[in-house]
Protein chains: 2
Amino acid sequence: MNVRSADDLTTRARIRDAAVVRFGRDGFRVGLRAIASDAGVSPGLVIHHFGSKERLRGECDAHVRRTIREVKAEAITQWSPGQILGEMSNAAEYAPLVGYVVRCLLDGGALAAEFVEGMVADAAAYLEEAVDAGTVRPSSDPPGRARYLIATTVGMLVIAQLEADAGRGVSPTVDPAGALGQMWQTVLLPGLEMMTDGLLTSSDLLDEYRTAMAGDPSP
Amino acid sequence: MNVRSADDLTTRARIRDAAVVRFGRDGFRVGLRAIASDAGVSPGLVIHHFGSKERLRGECDAHVRRTIREVKAEAITQWSPGQILGEMSNAAEYAPLVGYVVRCLLDGGALAAEFVEGMVADAAAYLEEAVDAGTVRPSSDPPGRARYLIATTVGMLVIAQLEADAGRGVSPTVDPAGALGQMWQTVLLPGLEMMTDGLLTSSDLLDEYRTAMAGDPSP
DNA sequence: CAGACGACTGAACGAGTGTTTAGTCTGGTG
DNA sequence: CACCAGACTAAACACTCGTTCAGTCGTCTG
């Protein structure tokens, strides 16, 4: 117990890391036997250490949560919130974590909701700073705008995962992190265009919506 | 066989419809017994009609695909592509289909990839028309822009599903379609703002990217 | 050295799954 | 009527899953 904090390569930690990788790559449906095999261990030992598969996943969640928080803390000044996952996927060390988070997103656990809310909060803070600095336009609904932008990131993660899964049968070497990077390249230019000039040529739609909401704000 | 096309309420169709609803609400992990029970039928009969659970899902896919194509065909002139799912979720008749599609998106089957590509293609066509009509700005990468916009829609679907799942324990009456509608309301104003004015106050970032790409277009 | 404790394994258990099988009921046909 | 094909069911089968259990090994302790 006292050794674990100093040397994080105990069997227990090895099982946990193997579980994160397996969960991230194959989803949460994988059997304990596959995880145990990856860790070079018997299925019974996994239960011996973690009590149940659910508690194993709980520790994986906590571990991923903690790691992301650390990376985020030291990177908050460098990148925009939406890019954190992209940058993490570039570092091979953190690539499995990205896969794990995407799986959580698809599976819909508590970590997923918390992760999305965290991204939204980060984006809101980041946008507020940028608005104060004068580089980003102010919005009449800052939290809503943050949600809107994070939705785009989440959608790209999901679509990248979709294509990574689809290509797995043909070329098993396709990894979600690579697919995500490719995805970023594809939409970076259109995204920038969208962010600088917008999409519409006139403000008619926005004006219509605003006057409609002024008359009847209920829907 | 000749009866089925005239009257679509054969036992076979009833099982298929029950499967679509169950798959959409609980995901593809639900057992055949639950589906059979919903259809008022024994588990064996499901196999008798469809051969296997996988083939049952295949017929569900085909049915959803066909229905969406029909709805799309008669609605293509009215709504923008991203709104089709939203409008469908309002019609109670089609609400289960929306849930099914979202589940496919999360599960990552062939229908999911096809569905996303279909939405992207629709969005691209819709945007091209709008550009010609002068209501939407031209883009230097129209397909990329379509992908970017559809990613936002997909992300909102996923997040809405996330929150619908999270609230299920507290209030089981929350349906994905309702969550989706609520989601739309939340981000409609910020989305419109974004589309009319953009996000950034200057074109520095875009210009930087363009000059960088002009010098080294490889990455 | 004796004893105890924790890591660890291999085999088994019980519950769940999709599927099979034997058999019943029903409606139409010669 | 006899017959039969198909819809349909109840029970069982085969398999996988998470989990349990009895027991072995090595190490530390008194």
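So that the names make sense, note that chain A is the first sequence line, chain B the second, and so on, each numbered from 1. A quick note: this is a predicted structure, and the numbers were derived from the prediction, not measured.
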Over how many whole Å does the gap from [X] atom [atom1] to [N] atom [atom2] extend?
| X | N | atom1 | atom2 | answer |
| --- | --- | --- | --- | --- |
| B/R57 | C/dT17 | CZ | C1' | 17 Å |
| B/R29 | C/dA15 | CZ | P | 22 Å |
| B/L32 | C/dG18 | CG | P | 4 Å |
| A/I47 | D/dT20 | CD1 | P | 7 Å |
| A/F28 | D/dT16 | CZ | C1' | 20 Å |
| B/K53 | D/dC15 | NZ | C1' | 15 Å |

Touch class at under 4.0 angstrom, heavy-atom based, for A/V30 against every strand present: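 Sugar-phosphate: the residue A/V30, judged by heavy atoms under 4.0 Å, touches backbone atoms but no base.
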NZ/NE/NH1/NH2 to OD/OE distance under 4.0 Å, A/D122 and A/R69: no
Pairing of A/R147 and A/E117 as salt bridge, 4.0 angstrom limit: yes
B/T67 side chain to B/H63 backbone, donor-acceptor under 3.5 Å: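 Answer holds: yes.
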Main-chain N/O of A/A39 paired with A/R14 side-chain donor or acceptor, under 3.5 Å: yes
Heavy-atom check, side chain of A/V21 versus side chain of A/I35, under 4.5 Å: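 No, too far: nothing below the 4.5 Å cut-off.
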Ring-face cation of B/R12 near B/F50 (centre distance under 6.0 Å, axis angle within 45°):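 Output yes; distance and angle both within limits.
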Annotated protein contacts, base or backbone, on nucleotides 7-12 of chain C with a non-hydrogen cut-off under 4.0 Å, one of B, S, - each: SBB--B
